[in-house]
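In what follows, chains carry the letters A, B, and so on, assigned in the order in which the sequence lines appear, proteins first and then strands, with residues in each chain numbered from 1.
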Amino acid sequence: MRPSPPPLLPQMELGLTDTRPSRVTLSPGAVLLRGFALPESTELLDAILHLTALSPFRTMQTPGGGRMSVAMSNCGPLGWVTDRSGYRYTPTDPETLAAWPDMPPAWHALAARAAKAAGFDNFSPNACLINRYEPHTRMALHQDKDEGDFSQPIVSVSLGLPIAFLWGGLKRSTAPHSILLEHGDVLVWGGKARLHYHGVKPLADGIHPLTGRARFNLTFRFVAPRS
DNA sequence: AAGTATCT
DNA sequence: TAAT
């Protein structure tokens, strides 16, 4: 039997027209895993709705008296908060006065799998910041440095509308590179990259089939227990 | 301060 | 570009 000839443009017949690499290194220790969370993205969005029914999204105050444009909540043993007195991790939601909702086991497992795929074994996050971006909201360049222990990586899961992510260096003066983060992408940074500055440009308006006019971001961290 | 204003 |  003569084998049938390969189809022309097989990637189009499969609907796989995106030829970008699935794995991108931004700098040593920073790896973008494109589409890593796609298979469970609808479950992640369902869980976000459930968790934020318990600890609702809110915009937090910055120490200078400003207010963040991105709405936040948390799950897990510790949650990141900011108010006039500063940045810190707390075991309870200052709005509800109750413990932050439990981190879903599937979330912990996803974060650990992504970290391992990026070269960081044994990641065990005890904090997950849940961010909701609406059109025009942004996050200025900053370092994640409130965790007390920088031996474990940061794992960031993007859902919904795409956004331009800014990846800087160890000093604020280093000009950041911009890279598009899309639904299902997971970005992991640790080791030499753990304290790199990062942020996002203002969210461009749009409609995502699963989230509408919004982007959600899950940021997993290990926070050292306070003495 | 993960914001903003004000400086160059 | 500082600075907290």
What is the distance, to the nearest angstrom, from the CD atom on A/Gln61 to the C1' atom on C/dT4? 16 Å
A/Tyr89 OH to B/dA2 P: how many Å, rounded? 14 Å
If you define the side chain from C-beta out and look only at heavy atoms, does anything of A/Ser73 sit under 4.5 Å from A/Asn131? no
Closest non-hydrogen atoms of A/His196 and A/Leu170, given as atom of the first, atom of the second and distance, are CD2-CD2, 3.5 Å
Please check if the number of heavy atoms outside A/Asp205 that lie under 6.0 Å from its CG is greater than 12. yes
Pull out every residue in residues 142-172 of chain A that has a heavy atom closer than 4.0 Å to any atom of DNA chain B, ordered by number, or say none. A/His142, A/Asp144, A/Asp146, A/Arg172
Would you mind reading off the distance between A/Leu129 atom CG and B/dA2 atom C1', rounded to a whole angstrom? 10 Å
Could you name each residue pair satisfying ring-ring contact (aromatic ring centres under 6.0 Å, His included) that touches residues 102-142 of chain A, not counting sequence neighbours? A/His142-A/His198
Under 3.5 Å donor-acceptor, A/Ser69 side chain and A/Arg138 backbone: yes
Using atom CZ of A/Arg58 as one end and atom C1' of B/dA2 as the other, report the distance to the nearest whole Å. 16 Å
Can you sort out the partners of A/Arg226 under side-chain hydrogen bond (donor to acceptor under 3.5 Å, both in side chains), two or more places apart, ordered by chain and number? none
Listed once per pair and sorted, the side chain to side chain donor-acceptor pair (under 3.5 Å) pairs that draw on residues 154-170 of chain A, sequence neighbours left out: A/Ser27-A/Trp167, A/Ser156-A/Asn217, A/Ser158-A/Arg215
If you draw the axis of the six-membered ring of A/Phe150, does the NZ or CZ of A/Arg194 fall within 45° of it and under 6.0 Å from the ring centre? no
Would you indicate what A/Thr82 reaches in the nucleic acid, counting non-hydrogen atoms under 4.0 angstrom: base, sugar-phosphate, or nothing? nothing
Please list, pair by pair, any protein nitrogen or oxygen found under 3.5 Å from a nitrogen or oxygen in nucleotides 5-8 of chain B.
none

Could you tell me which residues satisfy side-chain hydrogen bond (donor to acceptor under 3.5 Å, both in side chains) with A/Glu134, sequence neighbours excluded, listed by chain and number? none
Rounded to whole Å, please give me the gap between CG in A/Asp83 and C1' in B/dA2. 13 Å
Whole-Å distance between C/dA2 P and A/Tyr197 OH? 10 Å
If I take atom CZ in residue A/Arg88 and atom P in nucleotide B/dA2, what distance separates them, rounded to the nearest angstrom? 16 Å
Rounding to an integer number of Å, can you tell me how far A/Leu141 CG sits from B/dT4 P? 15 Å
